[in-house]
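In what follows, a single structure is set out as structure tokens and then discussed.
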Amino acid sequence: MTETAAPRKRLLIRTWGCQMNVYDSARMADVLAPLGYAPTEAVEEADMVILNTCHIREKATEKVFSDLGRLRDAKRSRGGDMVIAVAGCVAQAEGAEITARAPWVDIVLGPQSYHRLPEMVARASRAAGAVIETDFPAEDKFDHLPETTAPQGVTAFLTVQEGCDKFCSFCVVPYTRGSEYSRPVAAVVAEAERLVALGAREVTLLGQNVNAWHGEGPDGHAWTLGRLARRLAEIPRLARIRYTTSHPRDMDDDLVAAHGDTPALMPFLHLPVQSGSDRILKAMNRGHTADDYRRLVDRLRAARPDLALSTDIIAGHPGESDADHAATLALIRDIGFAQSFSFKYSARPGTPAATMAGPVGEAVKDARLAEIQALLRDQQAEFNRSRTGMVADVLVTGPGRHPGQMAGRTPWLNPVHFAGPMELAGQVVPVTITAGHPNSLSGVLPTSVLATTRERPAA
Ligand code: SAH
Ligand code: SF4
Ligand code: F3S
């Protein structure tokens, strides 16, 4: 069957978890497009539904099973004519449990098998039970996934690294995503160029441990992420480069230096610390102390004084005392974060922390998380307020919520809203920040920018 003759079918993908899942969902859509699958948001008209799942905390996992319950009804009301696939980290970790608890699932596939999806769909149509692929395949999925042709927004994700060898005591990722793997420089550069040709002005390099990336360069040697950033900065029209998520242990001198010498590398870094207590950091197997983190932040700020930081914190890891919790609050105060994510510790089956001594009670976890979040919220609000009066370079992402309003992002990733014409979408323009709100900024275009856009005839 040729591509144009393929019958039109509808595909619904629901995505949970991290940005790598967002990227993977887009690639699954790419790989199914030649089979005639076009995207839909409506479950009633979906011929195929993919749940791209996250296993990181218990709540995320449970959502998958409640969603599967609703999908059973949707499938029934279509007389069974619906392919249901579970992908992502829950599929990888709990494939057998999924097929046992939800026998109406047709396909279970782990994150390394997405290139096999078309063949699995064909097999599922013949198979009596579910078709399952949760082994780590020998071949590299990136070599077998089609190049994306979908139009890109102004900002795009690009996975450069997958997997994790760190084995933090609390975390499932090394088990669900396998060991660390870095894509070669040529593949990354080619994909970044393609994304830019399709409309992207900003690319965020993704990896569970993105700064552990050490892909092979054209010279046959492993490159550092800093060197990759400098190479990507040479791509015409690629205005901004970001990367996430970094591990403090992998922040090498060259990457720190790149923050100082590569203007396209944005002055914003998500650098999870998890705890401010050395005792707990050790129990977590993070491989660094709280002071190591402080010193690293000093080095980063020396290289790039306007660098803003974001972090992840876990409240109530096994063994965490009031003093450990106080040390976390102290570290947060010392650093001053512009953004953050914080979570109650969630015991994950199979991880070392799940069986550690000294589990923290739910009420204590709640109280500690509330205290951490209040402090982090204040810091974010303070950071946003401190932007007031600045002229920030804003990458305009598209229209805002109100008529005549545009939306964009500062170098520090703050959403900004300002009055301006549609034709600014995709451009980097100076915006005078007039107010900092808890989660966003307001601004105005300087009259000089407004004047130049008015002079241009409307497209
Ligand atoms: N690779 C990244 C984090 C990936 S998971 C890193 O090393 O920092 C994203 C975040 O989820 C983690 O930073 C951590 O804060 C949180 N997390 C992971 N496992 C968790 C668990 N069992 N309970 C609560 N939060 C968890
Ligand atoms: Fe999980 Fe730690 Fe690996 Fe991050 S570094 S993905 S927290 S094991
Ligand atoms: Fe979740 Fe897997 Fe990402 S567990 S956070 S979707 S790597």
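For ligands, and for the atoms within them, numbers begin at 1 and follow the listed sequence.
- A donor atom on one side chain and an acceptor atom on the other are found under 3.5 Å apart for Asn384 and Asn414.
- Relative orientation of the Phe337 and Tyr293 rings is tilted, given thresholds of 30° and 60° on the angle between their planes.
- Below 4.0 Å from some heavy atom of Pro174 lie the following atoms of ligand 2, by number and element: 8 (S).
- Ring-plane geometry between Tyr175 and Phe167 is classed as perpendicular, the angle between the planes exceeding 60 degrees on a 0 to 90 degree scale with a lower cut at 30.
- Near Lys344, meaning under 4.0 Å from any of its heavy atoms, are these atoms of ligand 1: 23 (N), 24 (C).
- For ligand 1, the atoms sitting less than 4.0 Å from at least one non-hydrogen atom of Tyr345 are 23 (N), 24 (C), numbered in the order shown with element in parentheses.
- Atoms of ligand 2 lying under 4.0 Å from any heavy atom of Phe167, numbered from 1 in the order shown and given with element: 8 (S).
- Those atoms of ligand 2 with a heavy atom of Lys166 less than 4.0 angstrom away are 3 (Fe), 5 (S).
- For Arg286, every heavy-atom contact with ligand 1 shorter than 4.0 Å involves the side chain, none the backbone.
- The environment of CD in Glu45 is crowded: more than 12 heavy-atom neighbours from other residues, nucleotides or ligands sit within 6.0 Å.
- For the pair Ser310 (side chain) and His270 (backbone), a donor-acceptor distance under 3.5 Å is absent.
- Of the heavy atoms in Gln208, only backbone atoms (N, CA, C, O) come closer than 4.0 Å to ligand 1.
- Proximity of Pro272 to ligand 2, defined as any heavy-atom pair under 4.0 Å, is not found for any part of the residue.
- Using a 4.0 angstrom heavy-atom cutoff, Val173 does not count as in contact with ligand 1.
- For atom 1 (Fe) of ligand 2, the closest non-hydrogen atom of the protein is Cys171 SG, 2.3 Å.
- Using a cut-off of 4.0 Å between Lys/Arg side-chain N and Asp/Glu carboxylate O, Arg201 and Asp393 are scored as not salt-bridged.
- Distance alone, capped at 3.5 Å, places no donor-acceptor pair between the Arg387 side chain and the Leu441 backbone.
- Other residues, nucleotides and ligands contribute over 12 non-hydrogen atoms within 6.0 Å of the CD atom of Glu362.
- At the top of the distance list for atom 4 (S) of ligand 3, counting protein heavy atoms only, stands His55 N, 3.3 Å.
- Counting only heavy atoms, the protein gets under 4.0 Å from atom 2 (C) of ligand 1.
- Residue contacts to atom 2 (Fe) of ligand 2: Cys168 brings an N, O or S atom closer than 2.8 Å.
- Looking at Arg57 next to ligand 1, an N or O pair under 3.5 Å apart turns up.
- Salt bridge status for Arg301 with Asp306: absent, with no side-chain N to carboxylate O gap under 4.0 Å.
- For Asp312 (side chain) and Gln274 (main-chain N/O), no donor-acceptor pair under 3.5 Å exists by modelled atom type.
- Atom 4 (Fe) of ligand 2 has Arg286 NH1, 4.2 Å as its closest protein atom, hydrogens excluded (heavy atom only).
- Aromatic rings from His259 and Tyr243 are positioned such that their centres are separated by under 6.0 Å.
- Regarding atom 7 (S) of ligand 3, its nearest protein heavy-atom neighbour is Gln208 NE2, 3.2 Å.
- With 2.8 Å as the limit, Cys89 counts as an N, O or S neighbour of atom 2 (Fe) of ligand 3.
- At the shortest separation from atom 9 (C) of ligand 1 among protein heavy atoms lies Asp312 OD2, 3.7 Å.
- Under 4.0 Å from ligand 1, the heavy atoms of Thr245 that appear belong solely to its side chain.
- Residue His247 approaches ligand 2 through these ligand atoms, each under 4.0 Å from one of its heavy atoms: 5 (S).
- At a heavy-atom cutoff of 4.0 Å, ligand 2 is contacted by the side chain of Phe170 but not by its backbone.
- Taken from CG in Asn21 to SG in Cys54, the straight-line distance is 6.5 Å, to the nearest 0.5 Å.
- Residue-to-ligand polar distances place Phe170 within reach of ligand 1: an N/O pair is separated by less than 3.5 Å.
- Less than 4.0 angstrom separates some heavy atom of Arg348 from each of these atoms of ligand 1: 22 (N).
- Cation-pi geometry between Arg27 and Tyr114 is not satisfied (NZ or CZ under 6.0 Å from the ring centre, within 45° of the ring normal).
- Residues Tyr345 and Ala354 approach most closely at OH-N, 3.5 Å, considering heavy atoms.
- Protein heavy atom closest to atom 14 (C) of ligand 1, with residue, atom name and distance, is Gln274 OE1, 3.3 Å.
- Here Lys166 has no heavy atoms under 4.0 Å from ligand 1, in either its backbone or its side chain.
- Of the heavy atoms in Asn209, only side-chain atoms (C-beta onward) come closer than 4.0 Å to ligand 2.
- Proximity of Pro218 to Trp223: side-chain heavy atoms (C-beta onward) are separated by under 4.5 Å at one or more points.
- In terms of protein heavy-atom proximity, atom 1 (Fe) of ligand 3 is nearest to Cys54 SG, 2.3 Å.
- In terms of protein heavy atoms, atom 3 (Fe) of ligand 3 is closest to Cys18 SG, 2.3 Å.
- Using a 30° and 60° split on the angle between ring planes, His317 and Phe170 fall in the perpendicular class, above 60°.
- At a 3.5 angstrom cut-off on N or O pairs, Ser346 counts as close to ligand 1.
- Given atom 6 (S) of ligand 3, the protein heavy atom at minimum distance is Asn21 ND2, 3.2 Å.
- Both cation-pi conditions hold for Arg101 and Phe65: the charged atom is under 6.0 angstrom from the six-membered ring centre and inside a 45 degree cone around its axis.
- Within ligand 2, counting atoms from 1 as listed, the ones closer than 4.0 Å to a heavy atom of Cys164 are 3 (Fe), 5 (S), 6 (S), 8 (S).
- When atom types are taken as modelled, the side chain of Arg227 and the backbone of Leu255 share no donor-acceptor pair closer than 3.5 angstrom.
- Looking only at heavy atoms of the protein, atom 18 (C) of ligand 1 is closest to Ile56 CG1, 3.4 Å.
- Heavy atoms of Arg177 come nearer than 4.0 angstrom to ligand 2 in no pair at all.
- Asp165 places a side-chain N or O within donor-acceptor distance of the main-chain N or O of Glu180, the cut-off being under 3.5 Å.
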